[in-house]
Amino acid sequence: MSVRTRFAPSPTGSLHVGGVRTALFCLLHARRHGGRFLLRIEDTDRARSTEEAAEGILRDLRWLGLQWDEGPGAEQAGTGPYFQAQRLDLYNAVIDQLLASGHAYEAWDTHAELDAERAIASAAKLNFRYVRKFLDADTIAAYRAEGRTPVVRLAAPRHDLHVEDEILGQVTQTADELDDIVIRKADGFPTYHFAVVIDDYKMGVSLVLRGQEHLMNTHKHLGIYEALNWAPPKYAHLPLIANPDNTKMSKRDKAKTSREAARRAQVERKGDPKDWSWLAEATGRTVDDLAGFMAKQHDSIATAEAIATFLKVKLPMIEVMDFRKGGYLPEALINYMALLGWSPGDDREVLPFDELVAAWDLTRVNKTQAKFDAEKLAWMNGEYIKKYDLDTLTVAHTSYLDVVPTSPFAGMPAERRRAFLALYQPRIATFADLDEAARFFFIRPTTWDAKAVQKHLLADGGLERLALIRDALAALPEWAAAEIQLALDGLAATHDVKLGQIAQPLRVALTGTAVSPQIHDTLALLGRTESLDRLQAALSTHAR
RNA sequence: GAUCCCAUCGUCUAGUCAGGUCCAGGACACCGGAUUUUCAUUCCGGCGACACGGGUUCGAAUCCCGUUGGGAUCACCA
């Protein structure tokens, strides 16, 4: 049987790290075995699914280079459509079949009735199992008359069910734990459990690779396969990715971080703990939105981000867009994610996509949940930045600028950005680092690092040397790195000083600090006029 | 609470299935040193783990049992 894997996100939000890892492993598995990787959008939750979220997910997957063989925009005869909301006829046909064969039945309970049953079970310290009701035609007619619409439930198997998981081994659920799950909701849409089974089967999926949060669901799915007498696919459940504090990584972490920061700020300003109007005003959100957010009534990412910006706290990176805006390279992110819960078995860590594919082995996936380590990701990103050729790096940098219009490099021609990247390639881990490190190129120093001024300008004749340097540079016929380097070397030889005694006063004058790339490169990139102006400014500012 | 999953340096992991080659290897981080005009890069070194308790065995990180700890799931969400 040919290998077919699928990634099936629901479009209720943007793509986050857990989803990236699942999609990546599915793709690696398909590529390794010459199979196909499908993308399906699970939009059966009509209240929460949005077209915008679906588009965002497609965009993020494309940015990551996680290209699907079949799915939206890559239609294949026989397997589409790839949005579940467009597949209702398919589901209903199977539900009719199940109803006719007696494997499923209509249930008329209201939410209130079910809640009451659950409350009774919980009071008796028993686990809730749905109890089938055998209703006569009159009762059903009465329910219908009062406006009830039935759901369809699957009659659960009466025997134990075993999942043969490719990673975890056999996982059993006993018959008495199986419940009659809802397969069609009152709104006529299938539940996730039902749609996932029908689609995986109809799309020929051979291996379901997903997060371990689905492990307990698998027995439900197996029950459906059994009722239909269909052969189920293979299953493999990936360990979850956790935060440093061991909680599950989720988008809610952003809300959590912002809430904590807001509470700290409230304490600091000694404000009324219930009054958030000041924050609403400061962040431009409505008072209601902020009050609701602080009362944990919602976890709006927009609100969380507004608060974080105002209070200057860093939100955890969770969503793909966070990493893109953070100046990460998609290939580095992919490489790092591959190493979360999997390893090639040897000491290699920097593995570009093709090498990941070649090394891929499902049986090497771990059972233990892994914590997301942003520092190691930053290191990995630095490795990729160092090894990329400048043209590739410049293209990647353009993609960064597309989402970070506030970067000082926004609008700069690629040619000139390339020169900056060449200079900073060994010194940055992310493009965001570059914005920070190269800031002095864009803003003349207005404050000077006191220690650096003392050491390199005031002491040891620094200022006098700086004046000589300025004159020598001003006399240069051509302003280029090589010529400048030659001139500075010559100056050091003539005056019998070490190069550091030339370079350091220059750095302080040009940048306000003792840190910059190679001094001749810095001068060249800064340009003649700007460099000489800055030297002059430093000389007059620090003259005794 | 019930059911299920998991357990090696602070973190990601190799080693576990087929017990000895492991007083446990690599990487990130951290600390120190060398190179470098500064910062980086690069290179060297250091720190640091088999959760605990029993058992099986000549021998256990590896097999078994228990304890503890962590996690997931218990919806007309996916």
Side-chain angles (χ1 to χ4, degrees), chain A residues 8-12 42-45 47-49 84 107 109-111 114-115 118 122 125-129 149-153 163 165 167-169 171-174 176-177 179 181-193 195-196 211-219 237 239-240 242 244 246-248 336 339-350 363-364 366-380 382 386 423-428 437 452 456 488-489 492 497-504 506-508 511 513-520 522:
Chain A
S10 68
T12 55
E42 310 218 320
D43 55 352
T44 55
D45 184 340
R48 295 200 302 148
S49 298
Q84 289 185 327
D109 316 72
T110 62
H111 287 281
L114 288 172
D115 286 347
R118 282 197 192 91
S122 135
K125 298 199 182 212
L126 291 170
N127 291 316
F128 175 73
R129 288 286 105 81
T149 6
V151 300
V152 176
R153 285 181 183 267
V163 177
D165 191 276
I167 294 167
L168 299 168
V171 180
T172 299
Q173 203 153 78
T174 55
D176 58 327
E177 283 159 44
D179 203 0
I181 57 162
V182 173
I183 55 176
R184 184 169 64 199
K185 302 180 263 188
D187 67 0
F189 275 64
T191 57
Y192 157 74
H193 299 298
V196 81
Q212 233 177 77
E213 71 265 27
H214 287 297
L215 182 58
M216 295 289 101
N217 288 335
T218 310
H219 301 87
H237 289 91
L240 266 18
N246 232 359
T247 52
K248 184 181 167 180
Y336 174 72
L339 264 22
L340 233 39
W342 177 84
S343 88
D346 50 38
D347 288 340
R348 289 178 298 162
E349 295 207 292
V350 180
T363 66
R364 294 200 54 84
N366 282 320
K367 300 176 175 181
T368 332
Q369 75 172 7
K371 292 187 185 73
F372 190 90
D373 183 358
E375 281 188 355
K376 187 147 185 179
L377 168 63
W379 164 78
M380 181 72 78
K386 283 183 204 85
L423 226 55
Y424 279 95
Q425 198 169 20
R427 359 177 90 80
I428 54 166
H456 300 298
L488 296 180
D489 281 345
V497 294
K498 283 189 275 185
L499 208 44
Q501 291 171 285
I502 305 261
Q504 288 306 81
L506 262 173
R507 275 202 175 83
V508 177
T511 74
T513 72
V515 177
S516 88
Q518 297 269 310
I519 198 64
H520 46 92
T522 304

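Just so we're on the same page: letters track the sequence lines, and every chain starts at 1.
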*Asks:* Watson-Crick or G-U wobble partner for B:C74, using a 3.5 Å limit on both distances?
*Replies:*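 For B:C74, the partner nucleotide comes out as B:G1, under the 3.5 Å rule.
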*Asks:* Where the side chain of A:Lys386 is defined as all heavy atoms beyond and including C-beta, which of B:U41, B:U11, B:C39 is the nearest nucleotide?
*Replies:*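 Closest nucleotide among those given: B:U41.
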*Asks:* Once you apply a heavy-atom cut-off of 4.0 Å, does A:Gly341 come out as touching a base, just sugar-phosphate, or nothing?
*Replies:*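 Touches sugar-phosphate only.
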*Asks:* Write down the distance separating the C1' atoms in B:C63 and B:U42, rounded off to the nearest Å.
*Replies:*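 Roughly 46 Å separates the two C1' atoms.
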*Asks:* Heavy atoms under 4.0 Å is the rule here; annotate nucleotides 27-37 of chain B 5' to 3' with B where the base is hit, S where only the sugar-phosphate is, and - elsewhere.
*Replies:* BSS-------B
*Asks:* Verify the distance criterion only: is there a donor paired with an acceptor across the side chains of A:Thr368 and A:Asn366 at less than 3.5 Å?
*Replies:*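 No, no side-chain donor-acceptor contact under 3.5 Å.
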*Asks:* Could you tell me the Watson-Crick or G-U partner of B:C52, where both distances fall under 3.5 Å? Say none if there is no partner.
*Replies:*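 B:G66 - that is the nucleotide pairing with B:C52, both distances being under 3.5 Å.
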*Asks:* When rounded to the nearest Å, what value does the distance between P atoms of B:A27 and B:C47 take?
*Replies:*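 Going atom to atom, P in each nucleotide, I get 14 Å.
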*Asks:* Rounded to the nearest Å, what distance is computed from the CG atom of residue A:Leu126 to the P atom of nucleotide B:A2?
*Replies:*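 That distance rounds to 12 Å.
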*Asks:* What's the gap between B:U11 and B:U41 when it is taken at their P atoms, as a whole Å value?
*Replies:*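 The same atom, P, in both gives a distance of 25 Å.
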*Asks:* Take atom C1' in B:A29 and the same atom in B:A49, then report the distance between them in whole Å.
*Replies:*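 Result for the C1' pair: 16 Å, nearest Å.
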*Asks:* Can you give one letter per nucleotide of nucleotides 72-78 of chain B, going 5' to 3': B for a protein heavy atom under 4.0 Å from the base, S for sugar-phosphate only, - for none?
*Replies:* SS-SBBB
*Asks:* Distance check, P atoms only: B:A7 and B:C17, in whole angstrom units.
*Replies:*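 Straight-line distance between the two P atoms is 13 Å.
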*Asks:* Quickly work out the A:Leu168 CG to B:U3 P distance and round it to whole Å.
*Replies:*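 So the two atoms are 19 Å apart, to the nearest Å.
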*Asks:* Please measure how far the C1' atom in B:A61 lies from the corresponding atom in B:C77, and state the result in whole Å.
*Replies:*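 So the two C1' atoms sit 42 Å from each other.
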*Asks:* Please measure how far the C1' atom in B:A14 lies from the corresponding atom in B:G70, and state the result in whole Å.
*Replies:*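 That atom pair is separated by 22 Å.
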*Asks:* Find which nucleotide of RNA chain B each of A:Thr172 and A:Tyr336 is nearest to by heavy atoms, and output the residue with the more 5' nucleotide.
*Replies:*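 Counting from the 5' end, the first nearest nucleotide belongs to A:Thr172.
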*Asks:* Using purine N1 to pyrimidine N3 plus N6-O4 or O6-N4 for Watson-Crick, or N1-O2 and O6-N3 for G-U wobble, each under 3.5 Å, what pairs with B:C22?
*Replies:*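 Check on B:C22: unpaired, no WC or wobble geometry under 3.5 Å.
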*Asks:* Toward the 5' end of RNA chain B, which comes first, A:Gly345 or A:Gln173, by nearest nucleotide?
*Replies:*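 Whichever sits nearer the 5' end wins; that is A:Gln173.
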*Asks:* Counting just side-chain N and O atoms, does A:Arg364 come under 4.0 Å of either OP1 or OP2 of B:C17?
*Replies:*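 Checking A:Arg364 against B:C17: no side-chain N or O falls below 4.0 Å of OP1 or OP2.
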*Asks:* If the C1' atom of B:G32 is compared with that of B:G59, how far apart are they to the nearest Å?
*Replies:*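 Between the two C1' atoms, the distance is 39 Å.
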